[in-house]
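First up is the structure itself, then whatever we jot down about it.
Because only heavy atoms are used, hydrogens play no part in the values below, and waters and symmetry mates are left out as well, while side chains stay in.
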2 protein chains.
Amino acid sequence: MQQLLFDFIAKYISLTDDEKNVLLSLNLFHSFRKGTVILKEGQKTNNSYFVLKGCIRSYYLLDGDERTTAFYTEMEALTPPCAITNTPSEYFISCLEDTILTISNADMTEEVNSKFPKFDIMCRLFSAEMLAKQRIDFDEFKTSSPEQRYLNLLQKRPDLLQRVPQHQLASYLGITPQSLSRLRSRIVKK
Amino acid sequence: MQQLLFDFIAKYISLTDDEKNVLLSLNLFHSFRKGTVILKEGQKTNNSYFVLKGCIRSYYLLDGDERTTAFYTEMEALTPPCAITNTPSEYFISCLEDTILTISNADMTEEVNSKFPKFDIMCRLFSAEMLAKQRIDFDEFKTSSPEQRYLNLLQKRPDLLQRVPQHQLASYLGITPQSLSRLRSRIVKK
DNA sequence: AGCATTCGTTCACTAAAGTTAAGATATGGT
DNA sequence: ACCATATCTTAACTTTAGTGAACGAATGCT
């Protein structure tokens, strides 16, 4: 697991053994069983999560039912907006599978970044990259119909279709489970 | 204009006069007339834009018609995904109004950040903030109907309704101009 | 194994958005 | 002021999504 993290960081900056040891001393690694709710609505946190193995999912509870907005799998990072704005969380995060995460918070980030300023550089590069990715996702979502969005997902993240229950995929696509089921049978007919 | 920029930066880090002068020496400020296309599809750039005054808009050209995905107004920043991935742009950016921007690129960022490492900190904080904002926007978009999205926009960015032609707003909301017109008259009736 | 719950599909019906077209206004350029 | 173009609205029709309900299959629990 540690190596997975170091390999990921190596894409942005190179670490000395000293620096690696500082990271290891932070007790970043955490395991959760499938179904564990990591963050609840209304709860405050300034944690950031980085998925080493498994899958986590963010969802809102609106009118009594869940609205899934994102899935995070291997090598993807999630800092809940509430951690930035320092307000109670608007949504839940739970583990779709047995999952291993790193969990860090703003204080840890500040500490590491002040010891090793190049971490700021990595954070900046990684943030910019995530921002660009998310922008593209959002744009694609806006400019497509539900059917196109499903086909797009089929192409870009076929693993999700295997890992995720269909009703969660549906709300991720911005539609109801019934619509997704219909849409799928429509596609098969073609 | 310069003061607007410095005030904005001051929200994240404090600048010495020396540092301000370095920024001023970079020739960041640019004016454009309404309608000017700043970035074209297929074009490569690694520019980032920050709106000091006016409004710019990003849009795709799909099947011959424009699909607006975002508006950026005062104190909002845009780094096109193509500037991160170093690929040709998938979309256009144009000025909705007479607009004053700062334009910077990756080289300038690297140079300033290496001279004054605290810029990395500002970039990191600002990126994280934008990421959180965009995430919330995306989530709201996914979990709402077109009508709710319109009402939401009315609350959160009423200025846009004044500044932006309706057919551009429609595609920003992910619907056709006809649907927006219909939806509006539906709301008035209630 | 038995039971309850969750999940996916189907159906009938309703509501809303897409599409095509037409007409009315507004806008910009010369 | 004039014309061409862009913009907004309305309407009729088609397609698709939302809703509520029913059913069977799969899943999880004890």
Interatomic distance where CG belongs to A/L96 and P belongs to C/dC7 [whole Å]:
10 Å
Return no unless some side-chain N or O of B/Q168 is found under 4.0 Å from OP1 or OP2 of D/dT7.
no
Atom pair distance, as rounded to whole Å: CZ in B/R33 and P in C/dG28:
14 Å
How long is the line joining CG of A/D65 and P of D/dG18, in whole Å?
12 Å
Ignoring hydrogens and angles, does a donor from either the side chain of B/Q178 or the base of C/dT20 sit under 3.5 Å from an acceptor on the other?
yes
Option from B/R163, B/R57, B/K34 for which salt bridge (charged side-chain N to carboxylate O under 4.0 Å, His left out) with B/E97 holds
B/R163
Do any side-chain nitrogens or oxygens of A/T176 fall under 4.0 Å of OP1 or OP2 in D/dG18?
yes
Closer than 4.0 Å, any side-chain N/O of B/S179 to the OP1 or OP2 of C/dG18?
yes
Euclidean distance, atom CZ of residue B/R149 to atom C1' of D/dA17 [Å, nearest integer]:
12 Å
Note: for B/L180 and A/S145 on DNA chain D, the residue whose nearest nucleotide lies more 5' is B/L180
Does A/S89 use its side chain to pair, donor to acceptor, with the backbone of A/G42 at less than 3.5 Å?
no
What is the distance from CG of B/L183 to C1' of D/dC8, rounded to the nearest Å?
14 Å
Where does the angle between the aromatic ring planes of A/F8 and A/F50 fall among parallel (under 30°), tilted (30 to 60°) and perpendicular (over 60°)?
tilted
Remember a base hit wins even if backbone is also touched, and classify A/R184 as base, sugar-phosphate or nothing at under 4.0 Å, heavy atoms.
sugar-phosphate
Atom CG of B/D98 and atom P of C/dG28 are separated, to the nearest Å, by 12 Å
When you check the phosphate oxygens OP1 and OP2 of C/dT6, does a side-chain N or O of A/H167 lie under 4.0 Å from one of them?
no
Rounded to whole Å, the CD-P distance (A/Q148 to D/dT15) equals 17 Å
In whole angstrom, give the distance that lies between atom CD of B/Q162 and atom P of D/dC8.
12 Å
Using a 3.5 Å distance criterion without hydrogens, assess whether the side chain of A/T99 forms a donor-acceptor pair with backbone atoms of A/C95.
no
A/H30 vs A/F32 aromatic rings, parallel, tilted or perpendicular, using cut-offs 30° and 60°?
parallel
Does B/R186 have a side-chain nitrogen or oxygen under 4.0 Å from the phosphate oxygens OP1 or OP2 of C/dA17?
yes
No-H, no-angle donor-acceptor pair, A/R182 side chain to C/dG8 base, under 3.5 Å:
no
Candidates C/dG28, D/dT10, C/dT10 - which lies nearest the side chain of A/S181
C/dT10
